[in-house]
Number of protein chains: 2
Amino acid sequence: MSEDPPPLPEFDLYGFTPYRLAVAAKRTSEELARQYRARFGISIPEWRVLVHLAHSGKVSVRDIEARVAMEKYEVSRAAKRLREAGLIESRENPEDRRLVLLTLTPAGRAMMADLLPMARAHQKALEERLGTAFRQLEAGLEELLKHTK
Amino acid sequence: MSEDPPPLPEFDLYGFTPYRLAVAAKRTSEELARQYRARFGISIPEWRVLVHLAHSGKVSVRDIEARVAMEKYEVSRAAKRLREAGLIESRENPEDRRLVLLTLTPAGRAMMADLLPMARAHQKALEERLGTAFRQLEAGLEELLKHTK
DNA sequence: AAGCATTCGTTGCAACTGCAACAAAAATGC
DNA sequence: GCATTTTTGTTGCAGTTGCAACGAATGCTT
């Protein structure tokens, strides 16, 4: 006669906020990411770097790291891939030669001119699909992002 | 004389919901994941498989895939690592020999008995830290998860 | 019952990731 | 001015991921 093992504490993964956030992030990101991966062959880390460059002109790896929730090695490698793809250029900053100045090439700018409207449309579609819940989500996220890190 | 390039459309990454969700997911997951990685050496995919097993007894790769937002190869490889670590066992289902029955070993159960309370505490801390915003966040997530996929 | 299609799970491969170590440049301290 | 520390960015390594292809088992069609 064998013992039944003692029961484990109840735990509901579907009610676990980090899990829910991960699923939500994955679904919303991938809808768009599939599109731009198919059309332009870029990944999410690359997309983040590109967006930051489109917005801010010349920036260093450090600037991006600080503002785009990426580690510096991620930025460094995303930049390398983008450079190889001819979408960005880098040269060194003459005032501080540790820094790298990243800028979009004309090809990169052209791509972003297509991509950014797609992203805006995606955002808009999300907002409309969720209605009131969108504003609740954003209010919650706002607090969460403020309180963590 | 060189032309100024035409300006790119405005786009604010920090207001982009998929980005915000990704950051939120990363931060909330990692607080806990750091703990259990340090104490037990397991990763997030492994954690998800374990939680599902703790909850559901015997399951196949397919069951987990369907319910835990993972691809089947992720489940398969997570299961392989867990098997090597002695935390789960697998044998074949005699009724359908394509299926694999995964179950926790006693060591796996013991680990989950420690881990699940940690996860509950983490969830509780999050709820308290966010207050009202937590309920808004959850309401928003609920809709989002319903509408996507 | 035989052939074809589908489901289930695994794996080879190439790309990507996370960590820690590193070199180069600049800032700081003495 | 020289040595030490800090900042910036890159890279080697080992482990992980995503995709597509695959074999085995079952279901389906005729």
Side-chain angles (χ1 to χ4, degrees), chain A residues 22-23 25-27 29-31 33-38 40-49 52-53 58-85 88-103, chain B residues 22-23 25-27 29-31 33-38 40-49 52-53 58-85 88-103:
Chain A
V23 174
K26 189 149 198 269
R27 290 200 191 150
S29 299
E30 282 193 349
E31 288 178 30
R34 255 197 309 277
Q35 294 179 45
Y36 60 63
R37 201 178 50 208
F40 305 109
I42 63 171
S43 66
I44 290 180
E46 286 151 30
W47 146 258
R48 289 193 188 168
V49 169
H52 196 64
L53 289 183
K58 303 179 185 178
V59 288
S60 67
V61 168
R62 158 185 75 161
D63 293 329
I64 300 179
E65 175 194 0
R67 305 208 53 211
V68 186
M70 295 171 72
E71 305 284 328
K72 63 182 176 173
Y73 63 81
E74 290 184 85
V75 177
S76 175
R77 291 206 254 230
K80 183 181 182 188
R81 291 191 291 262
L82 291 169
R83 208 179 304 128
E84 287 165 359
I88 69 171
E89 272 176 349
S90 51
R91 53 180 195 290
E92 76 178 15
N93 183 333
E95 282 157 35
D96 182 339
R97 294 184 20 246
R98 291 172 301 184
L99 301 184
V100 174
L101 286 179
L102 302 175
T103 45
Chain B
V23 174
K26 188 148 198 266
R27 290 199 192 150
S29 299
E30 282 193 350
E31 287 178 32
R34 254 198 309 277
Q35 293 179 46
Y36 60 60
R37 201 178 51 207
F40 306 109
I42 63 171
S43 66
I44 290 180
E46 286 152 29
W47 146 258
R48 289 194 187 168
V49 170
H52 196 64
L53 290 181
K58 302 179 185 178
V59 287
S60 66
V61 168
R62 159 184 73 160
D63 294 329
I64 300 180
E65 174 195 0
R67 305 208 53 212
V68 185
M70 293 171 73
E71 305 284 329
K72 64 182 175 173
Y73 63 82
E74 289 183 86
V75 177
S76 175
R77 291 206 256 230
K80 184 181 181 190
R81 292 190 292 261
L82 291 169
R83 206 179 306 127
E84 287 165 359
I88 70 172
E89 272 176 347
S90 49
R91 55 180 193 289
E92 76 179 15
N93 183 333
E95 282 156 35
D96 181 341
R97 291 174 34 238
R98 292 171 302 184
L99 302 183
V100 174
L101 287 179
L102 301 175
T103 45

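Convention: sequence-line order gives letters A, B, ...; per-chain numbering from 1.
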Of all heavy-atom pairs linking A:A79 and A:L102, the shortest is CB-CD1, 4.2 Å
With a 4.0 Å cut-off (strictly under) to non-hydrogen atoms of chain B, the first and last hit nts on DNA chain C, 5' to 3', are C:dT7 to C:dC19
When every non-hydrogen atom of B:V61 is compared with those of B:K72, the smallest separation belongs to CG1-O, 3.9 Å
Separation between CD1 (A:I88) and CG (A:L101), nearest 0.5 Å, reads 11.5 Å
A:L99 atom CG is separated from D:dT7 atom P, nearest whole Å, by 13 Å
- Query: Under the 3.5 angstrom rule, does the side chain of B:S29 hit a backbone N or O of B:A25 as a donor-acceptor pair?
  - Reply: yes
Walking DNA chain C from its 5' end, the first of B:L101 and B:R37 to be reached, judged by nearest nucleotide, is B:L101
Original post:
Within less than 4.0 Å of OP1 or OP2 of D:dT16, is there a side-chain N or O belonging to B:S43?
Top reply: no
Minimal heavy-atom distance between B:R81 and B:S43, with the atoms involved, is NH2-OG, 4.2 Å
To the nearest angstrom, the CZ-C1' distance between A:R77 and D:dG9 comes to 12 Å
When every non-hydrogen atom of A:M70 is compared with those of A:E65, the smallest separation belongs to O-CG, 3.2 Å
Taking the side chain as every heavy atom from C-beta outward, state whether A:V59 and A:L53 have any atom pair closer than 4.5 Å. yes
Whole-Å distance, B:I42 CD1 to D:dG15 P, equals 18 Å
Output for pair (A:E89 CD, A:K58 NZ), nearest 0.5 Å, gives 11.0 Å
Please tabulate, one pair per line, each protein N/O and nucleotide N/O from nucleotides 26-29 of chain D that are separated by under 3.5 Å, including the distance.
unit_1, atom_1, unit_2, atom_2, d
D:dT26, OP1, B:R97, N, 3.1

When every non-hydrogen atom of A:I44 is compared with those of A:Y36, the smallest separation belongs to CG1-OH, 3.5 Å
When every non-hydrogen atom of A:R83 is compared with those of A:S90, the smallest separation belongs to NE-OG, 2.9 Å
To the nearest 0.5 Å, atom CZ of B:R37 lies from atom CZ of B:R34 at 7.5 Å
Residues in residues 63-76 of chain B with a heavy atom under 4.0 Å of DNA chain C, by number, are B:K72, B:Y73, B:S76
